[in-house]
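Atoms within a ligand are numbered from 1 in the order they appear, just like the ligands themselves.
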Amino acid sequence: MNLIGDVKGKVAVMVDDMIDTAGTIAKGAALLHQEGAREVYACSTHAVFSPPAIERLSSGLFQEVIITNTIPVSEQNYFPQLTVLSVANLLGETIWRVHDDCSVSSTFQ
Ligand SMILES: O=P(O)(O)OC[C@H]1O[C@H](OP(=O)(O)OP(=O)(O)O)[C@H](O)[C@@H]1O
C-alpha cells in the first residue's frame, strides 16, 4: 500500500464503499498512523462486517468509524467508536422524486 502526501500531524478521513473484513481500511489506517497522522476516521456506506472486522475496527486505529444502515448491524457488533447513519430519508426522498418525475441529482447539489 502506498501513501501519497504528507499526513504528519493531520486528521485523516478515509472513505470506502464498503467494509467487509476491514483488512483494507485497517491497513490504510495503520500506514497513516505510521506516517504520523494525528487521528484517523473511517467512513463507509456498506458495513458487511465479516470477522474479524469488529476486532480490527475497535483496536484503537480509528477515532470514529462512520457507516450507514444499508446493511443492518447487529447489536453485538456495536463498539464505542461506531456511528451508524440512517439512509431512510435519502431513500424516501429519492423514491418520492422518481415517482413524481422530479430530479434526483438535485438532491445532491
Ligand atoms: O474490508 P475488506 O475485506 O478489506 O474489503 C473491503 C474492500 O474491498 C473492496 O475493494 P476491492 O479490493 O474489492 O477492490 P475494488 O473496490 O477495486 O473492487 C472495497 O472497495 C473495499 O476497499
List of N/O pairs, ligand 1 versus protein, all under 3.5 Å?
residue, atom, partner, partner atom, Å
ligand 1, 1 (O), Asp20, N, 2.8
ligand 1, 1 (O), Thr21, N, 3.1
ligand 1, 1 (O), Ala22, N, 2.8
ligand 1, 3 (O), Thr21, N, 2.8
ligand 1, 3 (O), Thr21, OG1, 2.6
ligand 1, 4 (O), Thr24, N, 2.9
ligand 1, 4 (O), Thr24, OG1, 2.5
ligand 1, 20 (O), Asp16, OD1, 3.2
ligand 1, 20 (O), Asp17, OD1, 2.6
ligand 1, 22 (O), Asp16, OD1, 3.4
ligand 1, 22 (O), Asp16, OD2, 2.5

Only pairs at least two apart or in different chains count here, so list each side-chain hydrogen bond (donor to acceptor under 3.5 Å, both in side chains) that has a residue in residues 6-16. none
Please list, chain by chain and in numerical order, all residues satisfying side-chain hydrogen bond (donor to acceptor under 3.5 Å, both in side chains) with Gln63, sequence neighbours excluded. none
Would you list the atom pairs, donor with acceptor, under 3.5 Å between side chains in residues 20-30 and any protein atom, with sequence neighbours excluded?
residue, atom, partner, partner atom, Å
Asp20, OD1, Ser50, OG, 2.5
Thr21, OG1, Gly23, N, 3.3
Thr21, OG1, Arg56, NH1, 3.4

Strictly distance-based, threshold 3.5 Å: is any side-chain N or O of His46 a donor or acceptor partner for the main-chain N or O of Ile19? no
Any sub-3.5 Å donor-acceptor pair from Thr68's side-chain atoms to Thr45's backbone N or O? yes
Look at the side chain of Asp17 and the backbone N and O of Ser44, then say whether any donor-acceptor pair between them is shorter than 3.5 Å. no
